[in-house]
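A, B, ... follow the sequence lines: proteins, then strands. Residue 1 opens every chain.
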Number of protein chains: 2
Amino acid sequence: MSDAADDAIAGGDQRRGSLALTIRDVARLAGVSIGTASKALNANGRLSAETRGRVLRVASEIGYRPNDLAQSLHRARSMTVGILSNDSFGRFAFPIVEALERRLSDHGIAVFMCNATDDPVRERRHIEQLLGKRVDGLVVTARRADKREPIEPVARGLPVVYVYSRVESPDALCLLPDDKGGAALAVTHLAALGRKRIAHITGPERFEAVRLREEGYRDALARAGLVAEAEECLAGDWSEAWGREATRRLFKRRRPPDALFCGNDQIARGAIDALRDLGRSVPAEVAVVGFDNWEVMAKGARPPLTSVDMNLDALGRAAGECLLDMMSGRAVAGVRRLPCSLVVRESCGAHARSSAAGELNA
Amino acid sequence: MSDAADDAIAGGDQRRGSLALTIRDVARLAGVSIGTASKALNANGRLSAETRGRVLRVASEIGYRPNDLAQSLHRARSMTVGILSNDSFGRFAFPIVEALERRLSDHGIAVFMCNATDDPVRERRHIEQLLGKRVDGLVVTARRADKREPIEPVARGLPVVYVYSRVESPDALCLLPDDKGGAALAVTHLAALGRKRIAHITGPERFEAVRLREEGYRDALARAGLVAEAEECLAGDWSEAWGREATRRLFKRRRPPDALFCGNDQIARGAIDALRDLGRSVPAEVAVVGFDNWEVMAKGARPPLTSVDMNLDALGRAAGECLLDMMSGRAVAGVRRLPCSLVVRESCGAHARSSAAGELNA
DNA sequence: AAGGATTGGGAAAAGCTTTTCTCACTTCGA
DNA sequence: TCGAAGTGAGAAAAGCTTTTCCCAATCCTT
């Protein structure tokens, strides 16, 4: 640090307890007024090159950094947004939030993280706090949305994006993965590989995602001309145990399936384990496809699991994009479903030509 | 909303584009000066009960909320902290961050989330941004700390807590799980159950955690008098595949182990799968204990996996506590290691009396 | 009833920037 | 050489709170 910096700290307004340097310090050290210093720093007004240079030099020497609080107060834009989650930012919310944060931080926007964990009181408190901090926008994400939560009664005019979460209000913007399309992708792929009897093992029916994936499954079967002989759908919970159980059940029947499309990767893993126990080889006898493309799960399976990827990061990026749009005044609303992809590994029996990059887009 | 609120919005300073109500609005509607309104809202000065009541009533009617930006500017305390992560807030950072956020939000402190993903440029930018926002503190968390990152050259006097991450500087505060103790906990437990030949399958040696857990393993063996006959330590990577591979290797030998202590839950899962393939029953013939207590992994295993829990939420809470301490002026420094617990399930062969709540503390 | 004490409320500054307006000084042309 | 045009920099207000200081009015005491 230079002498100037020491001066700025030692001399001058010693009384001010704050350790942060202000534009006053810059101005004083550069021998100009505060307004002039501001203009120099913001490349704004009409200044001589010499003055501008001097101010900038001083500023960088003492490591001056403008106080965002004051700037925000002045501009009535805080350059912050809040993210409200219930998932405890778990496996699903997180990739979204991460992509979102990245997108926004590229625009100089910082992100407040708030975790309400399904406690309405905490949620309310968080919203109050965010409003107090004058956030420029709000993102709401939820756990694997079972039932849609009511829209927040937030201040009018505040941009809100719901991502991986759904509300009824027609003027709200909801960003969701295309569960139906993702399921169809998987089933169509299996059918194209010659599988005839494709069963579906999935999670609790109360999840909208479960219902949509089931729809996609049925549609794709119909389109492949497989309905009559194949349709078979078992709903349970999201666990490996259920995957094993359901598989055992299916293979007790007279005509067991030659492919399993599972509602998530844990179920798929359970299914693969059960098939191994039953002496059925995967993928030769039975092909298996999962959902979520949860890497540790999918890659750890034997054989590695083909799975539908919800492209959560794309969802997060899109949320960021929409929020930026709304913040700059454009109105966006409605429900948007973003495409899933299929990540092909070995469990489905496709010749994994490019096993690493083998992605089919919806 | 009441008439007063409509007045506040429709009448008065219409020119001001901002939609947020200010203390001016409250004052005007209550027929008092701004200062008086402030005093009423903060229960501060000497006011008649009647005036105070009137101001409060108006404020609540129009839904007034003080502008934290202005408050922060005035108080020179922003009531915000930044969390910097490299883990992409993955599986490890997240429980910590969540507990931390909860702890701090109870004190009215909001949390900026910044993800640097090991990019030093992004990290620097984030720090700059946080300093601009005048955060009152900083928390740094890292991925499963392989090598310790250098300390940040942050503004002097800004409280910083490193959690699940380690730096060399002696006046830094680092909060870490007690890997060594956790490992000892597992091994001691196995020894107490009568296992004699306990092998250790673990991750890459470059991780400090790997070295510490190995130390704990050796110490516990020594304390149990098992050194000569048992010591066996295989380092590989953190995957299920490695768990399977290492297990196969161990069971090709003349005298295979009767227990496996694994460096994480994925390795443990691989080990269990390999044992099943080899026809060795778990836990009857071989006991298995993992590390991390990653619920989906541990509960999905067959049998459910006994595992060491790093109590990441306690770590997060402690980080919050320390940060609050530092923010209120107390100096804290040094490396603190918080105890792990052992979560007993079935894979270790303990009579799982209370299988759900069976926790041994370090 | 008059002086002092108390009470209730207002005015203003401070906290840090940005921006607009104004002013003094230079330069150029006539 | 004088007036006009132009250039560079400062003063001040605004943005929203909080807090200190002060003043006017009321009350009590003697």
Side-chain angles (χ1 to χ4, degrees), chain A residues 8 12-56 58-59 62 64-79 131-134 136, chain B residues 8 12-56 58-59 62 64-79 131-134 136:
Chain A
D13 329 50
Q14 186 67 291
R15 68 189 176 289
R16 188 179 71 257
S18 165
L19 1 73
L21 280 62
T22 77
I23 200 169
R24 299 187 105 79
D25 299 309
V26 178
R28 180 163 42 77
L29 263 46
V32 298
S33 76
I34 291 180
T36 302
S38 173
K39 281 182 273 194
L41 291 167
N42 296 295
N44 226 352
R46 310 151 59 76
L47 260 56
S48 72
E50 194 269 329
T51 308
R52 187 182 306 278
R54 185 153 35 95
V55 171
L56 290 178
V58 167
I62 68 174
Y64 166 74
R65 169 186 333 289
N67 184 330
D68 284 5
L69 264 37
Q71 285 190 339
S72 298
L73 184 60
H74 187 77
R75 307 201 172 117
R77 284 202 63 190
S78 66
M79 302 296 276
L131 292 179
K133 299 228 176 281
R134 296 298 189 267
D136 297 328
Chain B
D13 330 49
Q14 186 66 290
R15 67 189 177 291
R16 189 180 68 257
S18 166
L19 1 75
L21 280 61
T22 75
I23 200 169
R24 298 188 105 78
D25 300 309
V26 177
R28 181 162 42 76
L29 262 45
V32 298
S33 76
I34 292 180
T36 302
S38 173
K39 280 181 273 194
L41 291 166
N42 296 295
N44 225 352
R46 309 153 59 75
L47 261 54
S48 74
E50 193 270 330
T51 308
R52 186 182 305 277
R54 184 154 35 95
V55 171
L56 291 178
V58 167
I62 68 174
Y64 166 74
R65 170 187 331 291
N67 184 329
D68 284 5
L69 265 37
Q71 285 189 339
S72 297
L73 184 58
H74 187 79
R75 308 202 171 114
R77 284 203 63 190
S78 66
M79 302 297 275
L131 293 180
K133 299 228 177 282
R134 297 296 189 266
D136 297 329

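Between B/S78 and B/R134, the shortest heavy-atom distance links the atoms OG-O, 2.7 Å. Shortest non-hydrogen contact noted between B/T36 and B/L47 is O-CD2, 3.7 Å. Between B/Y64 and B/T22 the shortest heavy-atom distance is CE1-C, 3.4 Å. Taking every heavy atom of both residues into account, A/N44 and A/R52 meet most closely at N-NH1, 4.0 Å. Nearest heavy atoms, A/L69 versus B/L73: CD2-N, 4.0 Å.
Of the residues near DNA chain D, B/L73 and B/S38, the one whose nearest nucleotide (by heavy atom distance) lies more toward the 5' end is B/L73. Along DNA chain C, the nucleotide nearest A/N44 and the nucleotide nearest B/R52 are compared for position; the residue whose nucleotide lies closer to the 5' end is B/R52. Remark on DNA chain C: of its neighbouring residues B/E50 and B/G35, the 5'-side contact belongs to B/E50, judged by nearest-heavy-atom nucleotide.
Note: CG (A/N67) to C1' (C/dC16) measures 6 Å, nearest angstrom. Remark: C1' of C/dT19 and CG of A/L41 are 14 Å apart, rounded to the nearest angstrom. The interatomic distance linking B/L69 (CG) with D/dC16 (C1') rounds to 9 Å, in whole Å. Distance CZ (A/R24) to C1' (C/dT17): 11 Å, rounded to an integer number of Å. Put simply, CZ on B/R65 is 15 Å from C1' on D/dC16, counting in whole angstrom units. Atom pair B/Q71:CD and D/dG15:P shows a separation of 18 Å (rounding to whole Å applied). Taking atom CD1 on B/I23 and atom C1' on D/dG15, their separation rounds to 14 Å, with Å as the unit. Put simply, CG on B/L21 is 13 Å from C1' on D/dC16, counting in whole angstrom units.
For D/dG10, its base sits under 3.5 Å from the side chain of A/K39 at one donor and acceptor pair at least.
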Any N/O pairs under 3.5 Å between the protein and nucleotides 4-6 of chain C? List them or say none.
none

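Between B/Y64 and D/dC16, a side-chain N or O to OP1/OP2 separation shorter than 4.0 Å is absent. One finds a side-chain N or O of A/T51 lying less than 4.0 angstrom from the OP1 or OP2 phosphate oxygen of D/dA9. The shortest distance between the side-chain N/O atoms of B/S48 and the OP1/OP2 oxygens of C/dG9 is below 4.0 Å.
Under the 4.5 Å side-chain criterion, counting only non-hydrogen atoms from C-beta, B/V26 is not in contact with B/L21.
Rounded to the nearest 0.5 angstrom, A/R24 CZ and A/I34 CD1 are separated by 4.0 Å.
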